[in-house]
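Taking it in order: structure first as structure tokens, then the write-up.
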Amino acid sequence: MQRFIHAASKTAASTPASRRRRVRPPISLLGNYASLSSSTSSAAAESNNQHDPPPTSIKSTIVQRHQRPIYVAATRQHVGKTSVSLALISHFTKRLGTANVGYMKAVGQQSLQVWDEPHLPQTIINEGEQPKEGQYVTIDKDVKLVRDHFRLNHLQYADMSPILIPRGYTKSYLDGEIDHQDQLADIRRAYLNIVKSTSSSCNSGRSITICEGTGHAGVGSVVGAGNARVAAELGADMILVANGGLGKAFDELELNRSLCLQYGVNIAGVIINKVQPDKFDQTRKYLTKAIQQMWTGPNGEPAPPILGVVPDRPYLGCPALADVESTFGTTLISGSDHRYRHYDVGSNLQGRSIGMTMVTTDLAAFLRSMSRQPEGSRTIFICHATRDDVILGFLGEYRRRVRRNIPFESALVICTGCDDGVGDLSNGINFCSEVSEMIKDTGSAGPAVLVASGYSPAEAAKQIRTMTPKFNASDARRVSRATEHYEPYIDFDLLLEQTSSVTEVKAVVGVTA
């Protein structure tokens, strides 16, 4: 039999006018499609009767769903943009399948070098064409985290991180050494490759791409690659992430919304993060009112919804020893097996430090303090390099607990800087070589000890207390904790409704012998 189809497309009549998005400048590489065939007319059922002549045509309706990319931006730095992105990827990999989820960070800053092995099905485009060879590429650090943790092996590292802004990039751009159009072309090309990689293996009928921004909507504008500008280039809908609160939170949302309006970027919704548990309901109620009252369009266009309100979880803000290493530009000289052990270094209601102590007492008082620590407690002790007695006491307590089979999870930061903040003892008075060897002899499974060169104990304590812990590709526990915490508070069904459109295709299928 020979089959032929004549189709005419129209927007689904069932879609309410309030849900229709305003017209934006389209680009040819927009998102992914899924088609679902509806039931045919009664003529199709009658065709099964062998006594009736075969129909000349069958009327059918095909529903096509267009899923736009989702761009995650924040109102400012350190509000949980990466945490939200991780939660989205975690949910959609489980919902749609890993191979149907794409991710990119179009503009990155903090980078690292990785080996990028070509994905074979995508590199062999024509029959007989040889695959490309692998190569080292420099990518944003969050890209490695996402690809490795969620096993997005169908994506290329290079496509996931097309633009990096290292030191000196801005000057080169303003001097005309970097072409603006070439820069945008690199982003478009990378996104197209990601869409191809996810769509080619899409068996569930739907694929999705998450684009993570860098900071607030305007970050990158000086080089013509601000978040709002890139989102517009990709035809993406944006999620804005803001910290909990009312007045300040809305003010920051309003500032970022203005850039989205300037570039014609649709805001799919808002996620409020790090909300105090006792103000959870209040925050949702009044921010919803504010957004509905202030953001509803002049012609009744609906304001974007709040997609989620996420309560604060202090653990996610607790630094790991890897964060402490990064802060001081050093590595653990012992206890490297505990690099991703987390410590609560905040303050209690009395303002006293939790989980961090500067040792200013004599040895006897220090030993009494450590001996009173409950089993499994974690404290970062900070002392000066001249306190050999404290260092030896720390090692002694570790060995005592090992002999008694009691867990020892405290850490020691040894500082070499002067208390007046103008000197550096790192090249002068260091703890003696014999003590250093004793520390190293405990090995990677021993107590966690590191040296903060050039910092006084007070300066080191301030750095640790004020640091913002970041996700690390090797810290799988923190990533899992974050996704487990965020996912229950985000309305993913509403997100998909806000970021997709449905069209009906009326088809006439003819059948001839």
Side-chain angles (χ1 to χ4, degrees), residues 70-92 142 210-219 227-228 231 236-261 265-297 301-318 346 468-471 478-479 481-499:
I70 299 172
Y71 201 102
V72 182
T75 55
R76 55 188 171 90
Q77 195 177 23
H78 307 320
V79 299
K81 172 177 48 60
T82 299
S83 298
V84 170
S85 298
L86 292 173
L88 297 183
I89 298 166
S90 175
H91 175 83
F92 288 123
D142 288 337
I210 307 299
C211 306
E212 182 180 350
T214 302
H216 58 74
V219 169
N227 286 307
D237 289 347
M238 184 174 286
I239 294 176
L240 285 176
V241 183
N243 269 352
L246 293 177
K248 184 178 180 180
F250 184 80
D251 292 346
E252 293 177 345
L253 286 167
E254 181 66 21
L255 282 172
N256 285 268
R257 174 175 173 259
S258 63
L259 273 176
C260 293
L261 291 174
V265 176
N266 180 59
I267 300 176
V270 172
I271 293 178
I272 308 301
N273 190 29
K274 301 180 183 178
V275 177
Q276 296 180 26
D278 60 334
K279 296 184 178 180
F280 184 89
D281 293 333
Q282 171 186 290
T283 299
R284 176 183 285 278
K285 176 181 177 180
Y286 285 102
L287 275 180
T288 298
K289 283 188 173 183
I291 291 174
Q292 293 296 326
Q293 291 179 17
M294 305 298 181
W295 289 7
T296 297
E301 297 91 346
I306 289 185
L307 298 170
V309 177
V310 184
D312 191 23
R313 184 174 184 181
Y315 168 82
L316 298 176
C318 294
T468 300
K470 291 296 184 180
F471 288 102
R478 176 181 277 170
V479 175
R481 289 282 187 90
T483 57
E484 291 167 4
H485 177 61
Y486 276 75
E487 283 187 67
Y489 296 100
I490 298 175
D491 191 336
F492 294 98
D493 291 334
L494 179 58
L495 173 60
L496 290 177
E497 180 183 343
Q498 290 289 115
T499 59

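None of the values given here were measured: they were computed from a predicted structure.
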Only distances under 3.5 Å count here; give the side-chain donor-acceptor pairs of residues 279-290 to other protein atoms, sequence neighbours excluded, each with its distance to 0.1 Å.
residue: T283; atom: OG1; partner: K279; partner atom: O; Å: 2.7
residue: T288; atom: OG1; partner: R284; partner atom: O; Å: 2.6

For H78 and K274, which heavy atoms make the closest approach, and how far apart are they? O-NZ, 3.1 Å
Looking only at heavy atoms, what is the nearest atom pair of H216 and T75, with distance? CB-O, 3.2 Å
Heavy-atom closest pair (V479 atom, F471 atom, distance to 0.1 Å) is CG2-CD2, 3.9 Å
Quick check on side-chain contact (heavy atoms from CB on, under 4.5 Å): which of L86, T82, T214 does D142 satisfy it with? T82
Measuring from atom CG of L255 to atom SG of C260, what distance do you get when rounded to the nearest 0.5 angstrom? 11.5 Å
Show, in sequence, the C-alpha distance, side-chain angles and deciding distance for L494 and L307, and conclude whether the side chain to side chain contact (heavy atoms under 4.5 Å, CB included) test is met. CA-CA 7 Å; L494 179 58; L307 298 170; 3.8 Å; yes
To the nearest 0.5 angstrom, please state how far the CD1 atom of I267 sits from the CG atom of L261. 6.5 Å
Only one of N227, D237, N266 passes side chain to side chain donor-acceptor pair (under 3.5 Å) with Y71; say which it is. N227
Atom CD of Q77 and atom OG1 of T468: how far apart are they, to the nearest 0.5 Å? 7.5 Å
Shortest non-hydrogen separation from M238 to A228 and the atoms involved: CE-CA, 4.1 Å
CZ on R481 to SG on C318, rounded to 0.5 Å: 10.0 Å
Heavy-atom closest pair, residues R257 and L240: N-CD1, 4.4 Å
CA sep, side-chain torsions, deciding dist, call: L495, L88, side chain to side chain contact (heavy atoms under 4.5 Å, CB included): CA-CA 10 Å; L495 173 60; L88 297 183; 3.8 Å; yes
Where do E212 and S85 come nearest, in terms of heavy atoms and distance? CG-OG, 3.6 Å
Measure the shortest side-chain to side-chain distance between I271 and I306 over non-hydrogen atoms and say whether it is less than 4.5 angstrom. no
With side chains defined as the heavy atoms from C-beta onward, is the minimum distance between V241 and V72 less than 4.5 Å? yes
Angle class for the H91/F492 ring planes (parallel below 30°, perpendicular above 60°, tilted otherwise)? parallel
Measure the shortest side-chain to side-chain distance between Q276 and P311 over non-hydrogen atoms and say whether it is less than 4.5 angstrom. no
Exam field: side chain D312 to backbone V275, donor-acceptor pair closer than 3.5 Å: no
Check whether any side-chain N or O of T296 sits under 3.5 Å from a backbone N or O of Q292 as a donor-acceptor pair, and report yes or no. yes
